[in-house]
Number of protein chains: 2
Amino acid sequence: MKPKLTLKDIARELDVSISTVSKALKNSEEISTDTKEKIQAFARLYNYKPNNIAISLKNKRTKNIGVIIPDIVHHFFTTVFRGIEKYANQRGYNVIVCISDESFDREVINMELLANGSIDGFIMALSAETQKRQDFNHLREVTEQGIPLVLFDRVTDQIACDKVIIDDEAAGRDATRRLLESGRRRVALFTTQSYLNVSAKREVGYRKALEAAGLQVDPELILRLPYQYEEEQASEAFFKSRKFDAVLCVNEIFAIRGMRLAIKLGLRVPEDVAFIGFTDGILSRYSTPSLTTVDQRGEAMGERAAEMLIQKVEDRFDEADPTQFRTEVIPVQLIERESAVLGKPTKADG
Amino acid sequence: MKPKLTLKDIARELDVSISTVSKALKNSEEISTDTKEKIQAFARLYNYKPNNIAISLKNKRTKNIGVIIPDIVHHFFTTVFRGIEKYANQRGYNVIVCISDESFDREVINMELLANGSIDGFIMALSAETQKRQDFNHLREVTEQGIPLVLFDRVTDQIACDKVIIDDEAAGRDATRRLLESGRRRVALFTTQSYLNVSAKREVGYRKALEAAGLQVDPELILRLPYQYEEEQASEAFFKSRKFDAVLCVNEIFAIRGMRLAIKLGLRVPEDVAFIGFTDGILSRYSTPSLTTVDQRGEAMGERAAEMLIQKVEDRFDEADPTQFRTEVIPVQLIERESAVLGKPTKADG
DNA sequence: TTGTACGCGTTATCAT
DNA sequence: ATGATAACGCGTACAA
C-alpha cells in the first residue's frame with residue numbers, strides 16, 4: 001500500500017525545494033530544462049497527481065457543484081440529473097447529489113452542509129414541504145454569501161437567482177386544447193393534492209383551455225391524488241361515478257395508473273377515454289397503449305441549468321460583474337403516441 | 001454579500017488568538033467559561049460554520065464517497081444509488097456521482113480525478129466496456145493506494161475488494177425452473193449481446209434449469225439483443241420463426257418490449273407466452289400486463305454497499321487492521337404478477 | 001487560561 | 001535558476 005505522493009516527497013527524493021518541484025511540474029520558465037526534465041520524469045514515473053483538496057483550499061473553489069433534488073426515482077429528476085452531470089463533467093466539474101426526499105429539513109441540512117466550502121454552487125428543485133411552508137431562508141443565506149444558485153422546475157419568486165423552467169401553464173393549456181380539438185368534450189384532470197407549483201400551473205392552463213373553448217370547468221372532473229398514492233380506490237370510485245372522454249394527468253404515473261384502471265373497467269383507450277400525461281419517461285414509451293405526453297425536456301433543463309450555474313461560478317471567480325438573473329423557459333413538446341390521437345394543432349400558443 | 005466567517009475573523013473581532021477561538025468552539029475545558037460564552041455567542045450570532053475543505057485537508061478525510069455507475073436512467077442503478085445516498089447521508093457522508101456511460105475512458109478519468117483526495121472511498125459497478133476489455137488497472141491503482149472500494153452488481157474476480165452482488169445464476173435458474181414447473185416446455189431467453197457478467201450468469205442458470213429438467217437447450221431459442229436496442233425487427237423475426245411458450249428476459253426493458261410485440265402479433269400474455277424479467281422497476285409494476293420479475297433489490301444492495309464501504313473507511317481512519325474482503329450476496333425475490341402465473345415453488349435452491 | 005508554532009498540500013511572491 | 005516564506009482555514013501539542 002503506497003500512500004499518495006506529494007510535492008514534499010518529490011522534493012525530498014530529488015533533493016530540491018518544494019517550490020522548485022511545484023514550478024517544474026507547471027513547466028515554469030524559471031526552472032532550468034535539466035531540473036524540469038528530471039522532476040517531470042520522476043513525477044510521471046511515480047504517477048504524481050496533485051491533491052484536489054489542497055488546491056481547493058488554496059483556490060477557494062472546489063470544482064464541485066451541489067445538486068439537491070426531491071427524489072431520484074421519479075424519472076424526470078433522473079433525466080435532469082443526467083443533463084447536469086453530463087454538462088458539468090464536460091466542463092471539469094463533479095456533482096455532489098443530495099436527495100431531500102421532499103423533506104424541508106433534509107433540504108436545509110444538506111444545503112448548509114455543502115455550503116460550507118464543499119461546492120461552488122447549487123442546482124436544485126424545491127422539495128414539496130419547502131413549497132408548502134414557503135420558507136426559503138436557507139436559500140437566502142446561500143445566495144447572500146454569494147454562492148451561485150440555479151433553481152429548476154420547482155422554483156419560487158421569493159428568491160432572486162437564475163431559474164430554468166418549462167411553461168407549465170402553457171403546456172397544460174395546449175395539451176387540453178389539443179384534446180378538445182380532437183373532439184373530446186369532457187376532459188378530466190388528475191392532479192396532486194398538494195402544493196406543487198407545477199401542478200397548480202398546469203391546472204390553470206387546463207382551466208384556461210376549457211374556458212377558451214367556451215366550456216365550464218366542472219370541479220367534479222378534477223381528481224386530486226396523494227403524491228405517491230398506491231391504492232386505487234379513490235380513482236376507481238371517480239371512474240365509476242363520472243362520465244368523461246379524456247384525462248389530462250400532471251405526471252406519468254397518474255396517467256399510467258389511470259389507463260390501467262380504465263382498461264380494467266372495460267373502457268377502451270383512446271377510443272372511450274384519451275389520456276395525456278406529463279414527463280416523457282420510460283413508462284410513457286413502453287406502456288400499452290403508449291402514452292401521449294408532454295415531454296418536459298429534463299435532460300435539456302439539466303444541461304441548461306448546469307451551463308447557467310457554471311457561468312455564474314466562473315464569473316464570480318474572475319470577478320466579473322454579477323450579471324442579472326435570468327429565467328430560462330425550456331420549450332416543451334407534445335409527443336403523440338397511442339393513448340390520445342390528436343389532429344394537427346390549429347394554432348401555436350406562446 | 002457577506003463572505004464566510006473564519007476562525008481568524010472571530011479572533012480578530014474578539015481580540016483573542018485563533019486557537020482560543022477554536023478551542024472555545026469545541027467547548028474545551030482549557031478555556032474559561034467567560035471567554036467560551038463570549039466566543040460561542042459571537043459565533044452563533046454570525047452563524048459561524050467551519051470550512052469543510054480545511055477540515056478535510058487537515059484530517060485527510062473528506063466524508064465524501066465516490067459513486068461511479070454506468071448509467072442512471074436504468075432504474076436498477078437509480079435504486080442502488082438511492083440506497084447508497086440514503087445510508088451515506090445518515091452517516092454524515094456526501095455522495096459524488098459520476099456516470100461512466102458504459103465507457104471505459106470515462107470510468108478511468110472520473111475515478112482518477114476523484115481518487116486525488118476528493119473522496120474517502122468508491123462504490124461502483126463496472127462499465128460494459130471495462131468488462132469487455134478486462135482492464136482493471138484503474139481499480140488496482142486505487143486499491144493499492146489503500147482507498148477502500150466496493151464493487152456491486154457488475155464485479156470482477158480480478159480485484160480484491162468488498163463486493164455486493166445477487167446470485168444471478170441462481171436467480172436465472174430459479175426463474176426458469178418456476179416457468180417449467182408451471183407447465184411451460186419451450187422457454188426462450190432474451191439476453192444481451194455483450195459481455196455483461198450478470199447476463200452471462202443468468203444464462204448459465206437458465207441452461208442449468210433446463211438440463212435439470214431433462215430438457216435440451218435449444219440455441220435457436222436464445223435471442224441476443226444490443227444493449228440499448230430500439231428497432232424491433234430482430235425480435236419480430238424471432239417471434240415469427242420460433243415456437244415457445246415462455247421467455248426469460250435478463251432485464252425489464254427486454255421483457256416489456258417483448259410482451260408488447262407478442263401482443264401485437266396476436267399472442268396472449270401469459271396464456272400463450274409467459275414472461276419473466278429482471279429488475280423490479282416502475283416498468284414492471286405499471287406495465288399491462290404487469291411483469292413477473294426478479295427483484296434485484298437495488299436499494300438493499302446500495303445500502304449494504306455503503307455500509308461496507310463506510311466501515312472500511314472508518315477502520316482505516318482508526319488504523320484498525322484491514323479486515324478481509326467480503327462478498328455479500330443479497331437474496332433476490334421473484335415477484336409474481338400477471339405476465340407469468342407460477343405455482344408454489346417445489347423446492348428452495350441455494 | 002491563553003497563545004505560539006506547526007502541519008495538512010499547494011501555489012504565489014519575494015529573496016538569493 | 002533555485003529556495004524560503006507566507007497564505008488558504010483548521011486543529012493541536014506545547015509553551016507561557
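Proteins get letters first, then strands, A, B, ... in listed order; numbering begins at 1 in each. Model, not experiment: these values are computed from the prediction.
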* Is B:Ser22 touching bases, backbone alone, or none of the nucleic acid, heavy atoms closer than 4.0 Å? -> base

* Under 4.0 Å between a side-chain N/O of B:Tyr48 and OP1 or OP2 of D:dC10, yes or no? -> yes

* **Phosphate OP1/OP2 of D:dG3: any A:Ser17 side-chain N/O under 4.0 Å** => yes

* **Validation row: B:Ile119, B:Ile65 side chains within 4.5 angstrom (heavy atoms)** => no

* Asked: Under 4.0 Å between a side-chain N/O of A:Lys26 and OP1 or OP2 of C:dT11, yes or no?
  -> yes

* Please answer whether the main-chain N or O of A:Ile99 pairs with a side-chain N or O of B:Glu85 as donor and acceptor at a distance below 3.5 Å. => yes

* Asked: Side-chain donor-acceptor pair under 3.5 Å between B:Ser127 and B:Glu107, yes or no?
  -> yes

* To do: Check the pair B:Val95 / B:Phe81 against side chain to side chain contact (heavy atoms under 4.5 Å, CB included), numbers first and verdict last.
  => CA-CA 9 Å; B:Val95 178; B:Phe81 174 74; 3.7 Å; yes

* Asked: C:dT11 phosphate, OP1 or OP2: any side-chain N/O from A:Ser19 under 4.0 angstrom?
  -> no

* Structure fact -> A:Arg61 atom CZ is separated from C:dT11 atom P, nearest whole Å, by 14 Å

* To do: Name the closest nucleotide to the B:Ile55 side chain, picking from C:dG9, D:dG3, D:dG11.
  => D:dG11

* Over how many whole Å does the gap from B:Ile18 atom CD1 to C:dG7 atom P extend? -> 17 Å

* Any side-chain N or O of B:Ser32 less than 4.0 Å from the OP1 or OP2 oxygen of C:dT2? -> yes

* Structure fact -> Closest to the 5' end of DNA chain C, once B:Ala54 and B:Lys36 are matched to their nearest nucleotides, is B:Lys36

* Closest to the A:Leu57 side chain: C:dT10, C:dC8, D:dG9? -> D:dG9

* **Polar side chain donor-acceptor pair, A:Ser32 to A:Thr35, under 3.5 angstrom** => yes

* Does one side chain, of B:Glu112 or B:His138, offer a donor that lies under 3.5 Å from an acceptor on the other? -> no

* To do: Ignoring backbone atoms, establish whether A:Lys23 has a side-chain N or O less than 4.0 Å from OP1 or OP2 of C:dT10.
  => no

* **B:Lys58 NZ to C:dC6 C1', straight-line distance once rounded to whole Å** => 9 Å

* Interatomic distance where NZ belongs to B:Lys8 and C1' belongs to D:dC10 [whole Å] -> 11 Å

* Nearest to the side chain of A:Asn51, which nucleotide is it out of C:dG3, C:dT2, C:dG9? -> C:dG9

* Structure fact -> Between its two end axes (five pairs each) the helix from C:dT1-D:dA16 to C:dT16-D:dA1 turns, nearest 10 degrees, through 70°

* Structure fact -> Here the distance between atom P of C:dT10 and atom CD1 of A:Ile53, to the nearest Å, is 12 Å

* Asked: What nucleotide, of D:dT2, C:dT10, C:dG3, holds the atom closest to the side chain of A:Leu7?
  -> C:dT10

* To do: Please report the C-alpha distance between B:Phe317 and B:Val313 in whole Å, then the side-chain angles of each, then the deciding distance to 0.1 Å, and finally whether the side chain to side chain contact (heavy atoms under 4.5 Å, CB included) criterion is met.
  => CA-CA 6 Å; B:Phe317 191 72; B:Val313 167; 5.6 Å; no

* To do: Flag the pair A:Ile310 / A:Glu314 as yes when at least one side-chain heavy-atom distance between them is below 4.5 Å, and no otherwise.
  => yes

* Side chain of B:Glu30 - closest among D:dC10, D:dC14, C:dA12 -> D:dC14

* To do: Respond yes when some side-chain nitrogen or oxygen of B:Lys60 is under 4.0 Å from OP1 or OP2 of C:dG7, and no when none is.
  => no

* More than 12 heavy atoms from other groups under 6.0 Å of CD on A:Glu319 -> no

* Asked: In whole Å, what is the span from the CG atom of A:Asn59 to the C1' atom of D:dA7?
  -> 12 Å

* To the nearest Å, how far apart are B:Asn52 CG and C:dC8 P? -> 21 Å

* Asked: What integer distance in Å separates A:Ile39:CD1 from D:dA1:C1'?
  -> 11 Å

* Asked: With a non-hydrogen cut-off below 4.0 angstrom, is B:Ser56 in contact with a base, only sugar-phosphate, or nothing?
  -> nothing

* Asked: Taking only side-chain nitrogens and oxygens of B:Thr20, does any of them come within less than 4.0 Å of OP1 or OP2 of C:dG3?
  -> yes

